[in-house]
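Structure first, commentary second.
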2 protein chains.
Amino acid sequence: MLAKVRGERLLASSIHDLARHLNISIGTVSRALNGRADVNADTRQRVLEAARQLNYSPNQSGRSLRQGATRSIAFMLQPHPGDQQYGEPFFIPFLTGLQARLAEHDLDLMVVMGEPGQYQQERLRRVVETRRADAVVLANTRREDDRIDYLSKAGFPFATLGRSQSGGDTYPSLDIDFEKAGSDAVDRLVARGHRRIAAIRPSHDLNFGYLFLDGYRKALKRHGIEVDPGLIADGFINEAGGYQVTPRVMASKERPTAIIFNNDAMALGGCKALAEMGIRPGHDIAVIVIVDTPLCRYFSPALTAFRPSLEPMGRRLAEMLLASLPAFAGPEGTRIMREVWPLELIARESD
Amino acid sequence: MLAKVRGERLLASSIHDLARHLNISIGTVSRALNGRADVNADTRQRVLEAARQLNYSPNQSGRSLRQGATRSIAFMLQPHPGDQQYGEPFFIPFLTGLQARLAEHDLDLMVVMGEPGQYQQERLRRVVETRRADAVVLANTRREDDRIDYLSKAGFPFATLGRSQSGGDTYPSLDIDFEKAGSDAVDRLVARGHRRIAAIRPSHDLNFGYLFLDGYRKALKRHGIEVDPGLIADGFINEAGGYQVTPRVMASKERPTAIIFNNDAMALGGCKALAEMGIRPGHDIAVIVIVDTPLCRYFSPALTAFRPSLEPMGRRLAEMLLASLPAFAGPEGTRIMREVWPLELIARESD
DNA sequence: CGTTTTTCCGTAAACGTTTACGAGAACACA
DNA sequence: TGTGTTCTCGTAAACGTTTACGGAAAAACG
């Protein structure tokens, strides 16, 4: 249907039009446009000139078919159960960085979200099997992630935001250092005199929850503080989850004087619960949030939090993915399979 | 490079493999898979069965080339000057709805963002001319939008989130009723006894700013209140903009007792400025925000705001776009070119 | 001037589909 | 039995590229 309009010259013309117009074969035109060496400097000029005049750009479907590459990357956003918002404020900056770097290589970004709460194997398979993308970027990585297993077995290139236990070190991944954040948070609180420190993290198989807890535990031990299971709780990764689970740790026989939340939405819910108990963060209890979002800043009291550099992370993961693709790989040795990025402490009023 | 692995049977096979395996021509296989009538029921069964076994799905590039349609829609996000965040909390829910409805039709979503502050004509042209998408959804519509002009002239299908003065009623568009929101906000404030009401909106050519101001003005006139230009101000559409411009309206000879902000980030900046002047929203001044985001809810005091139904809007715009595409059009008469959606008032503490 | 090399270009196949066309077989009908 | 219909399928072209191959012309070389 689109071809019909072709004659109007506003729409792109095909390489045949160009060749006809120049009295030249399409092969030569193609070689000229693609910078091949075996074409006369003169004719190359004429071709480029004509391409500009006729407003020609190569049809991507034709290219994809011939080259076996679509020049597009799929970004898969799999909502955690309970999270209706895809980690809303988290992903836009990351996506911005990712797509910016991809765009520099003329790669397009396809975004695949799932129905909340539903796993995306089907959508993923479709992308892979119909060859809609050349590679996949996985977000919301789980501890055991069947998407990773599938892609590994299929030999389909991919990279992940967040580590997983699946698949080993065979694919590029970029992660936030939740372990260090958990540890740093404990250090900070201990330095301020706290010894009863609670930890609240998302339930389900989210890998970062485990990393966080590792750091938390190790730091406590380092400070000679015994880990009290009553001070550790899991909940749904949303406001309701935090609201529901916070009273549980507060009900511990010896009340905690500080809480570390491993998710911003859970922290907000937790603070609501605290407020209802008449406990004021920043006064009666110290609160630290592990991943900062704009909400933490504007909440009252403003929440002390650890912040990742999301946009640079997006750029970086794009680079790592590209470096792992044969078609883009630079010098062989430069392939980096794993990076763990630190978080920056943003001290505010809640601790 | 991908083809190399084909033999391993984990990767998709081609229609030729299927035909060979069944001792049948590829034409028949294709017709069987596509539900054409002229194929024996038996053979269709065998084909479908084999397709399942061999894990066959059609290569999208091949399809696109043959059919002249890519089955993907591009979503263009053009940041407003001054907005580094692409209206961050605004777009994820919209995108969620959009992509959900598109996915139901097996359409993929390609997201194209621009460098902040840079217009995207180039990126848009590339998508259109290389035929990477079958249609485009435009966001961040401007009052005069050259993207709309371009797409109209090129005869390329598109739809917009937000109205524009460009292009007339020739394309599907879905808009938030900023005019009514501006008017409703004034009504509410007047009913609560206010008569000196300020309006702060983004500068630049953003259409919704004009609509909002129209509603604001009309409502004032309806209540017999003279419009005071000193109470209207434009600023950059970010926190700094609100911070910078709010003192200006507060410096008016007769101080306003209420402010309507046409953007959440500007409202937050404005509240900061107010706080520094010792003026408390909800006590000393009434504040209403025109587009609600999660930030408004958690801010202290919680900001009264008008909220759009972003996810349903995304779904709806997808429907409208599809209905306008020949390949998807239902009955001719059902093409809806323009819809304006109301906002819901979320009364909180700031007014 | 003859031979070899280089430069440049045209030809045609290939990527994986869909689909217009036509033909053989089976069937119906007179 | 002859004719017309209906089912079913194979053939081949087409979508727009890129690229392997070979060959003609030009240049280089002896």
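Letters go in sequence order (proteins before strands), and every chain restarts at 1.
- If you find the closest nucleotide of DNA chain C to V39(A) and to R66(A), the one lying nearer the 5' end belongs to V39(A).
- Taking each heavy atom of A51(A) and L33(A) in turn, the nearest pair found is CB-CD2, 4.1 Å.
- Rounded to whole Å, the distance from CG on N59(A) to P on dT18(D) is 10 Å.
- Taking 4.0 angstrom as the limit, S14(B) places none of its side-chain polar atoms (N or O) nearer than this to OP1 or OP2 of dC15(C).
- Picking from dC15(D), dT19(D), dT18(D) the nucleotide with the shortest atom distance to the side chain of N34(A) gives dT18(D).
- In this structure, the CG atom of N40(B) is 15 Å from the C1' atom of dG24(C), given to the nearest Å.
- The separation between R44(A) atom CZ and dC9(C) atom P is 10 Å, rounded to whole Å.
- Side-chain contact between L54(A) and L18(A): present, with at least one pair of heavy atoms (C-beta onward) separated by less than 4.5 Å.
- Between R31(A) and dT19(D), a side-chain N or O to OP1/OP2 separation shorter than 4.0 Å is absent.
- Atom CZ in R71(A) sits roughly 11 Å away from atom P in dT18(D) (whole-Å rounding).
- Neither OP1 nor OP2 of dC9(C) sits under 4.0 Å from any side-chain N or O of T28(A).
- With respect to the salt-bridge test (charged N to carboxylate O, under 4.0 angstrom), the residues R315(A) and E319(A) do not qualify.
- In the set dC8(C), dT17(C), dT19(D), dC8(C) carries the atom at the smallest distance from any side-chain atom of D38(A).
- The side chain of R36(A) places an N or O atom within less than 4.0 Å of a non-bridging phosphate oxygen (OP1 or OP2) of dT19(D).
- Checking the phosphate oxygens (OP1, OP2) of dC9(D), a side-chain nitrogen or oxygen of T43(B) falls inside 4.0 Å.
- Not one side-chain nitrogen or oxygen of S30(A) sits closer than 4.0 Å to the OP1 or OP2 atom of dT17(D).
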**OP:** Output, in order, the C-alpha distance, side-chain angles, deciding distance and verdict of side-chain hydrogen bond (donor to acceptor under 3.5 Å, both in side chains) for S57(B) and E129(A).
**Re:** CA-CA 6 Å; S57(B) 6; E129(A) 285 170 9; 3.0 Å; yes
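- We find that CG of D42(A) is positioned 16 Å from P of dT7(C), with the value rounded to whole Å.
- Taking atom CD1 on I24(A) and atom P on dC8(C), their separation rounds to 13 Å, with Å as the unit.
- For the side-chain contact (heavy atoms from CB on, under 4.5 Å) test with F75(A), the passing option among V137(A), L138(A), V112(A) is V137(A); the others fail.
- Taking atom CG of residue L22(B) and atom C1' of nucleotide dT8(D), one finds them 16 Å apart after rounding to whole Å.
- Between the CD1 atom of I26(B) and the C1' atom of dG16(C) there is a distance of 8 Å, rounded to whole Å.
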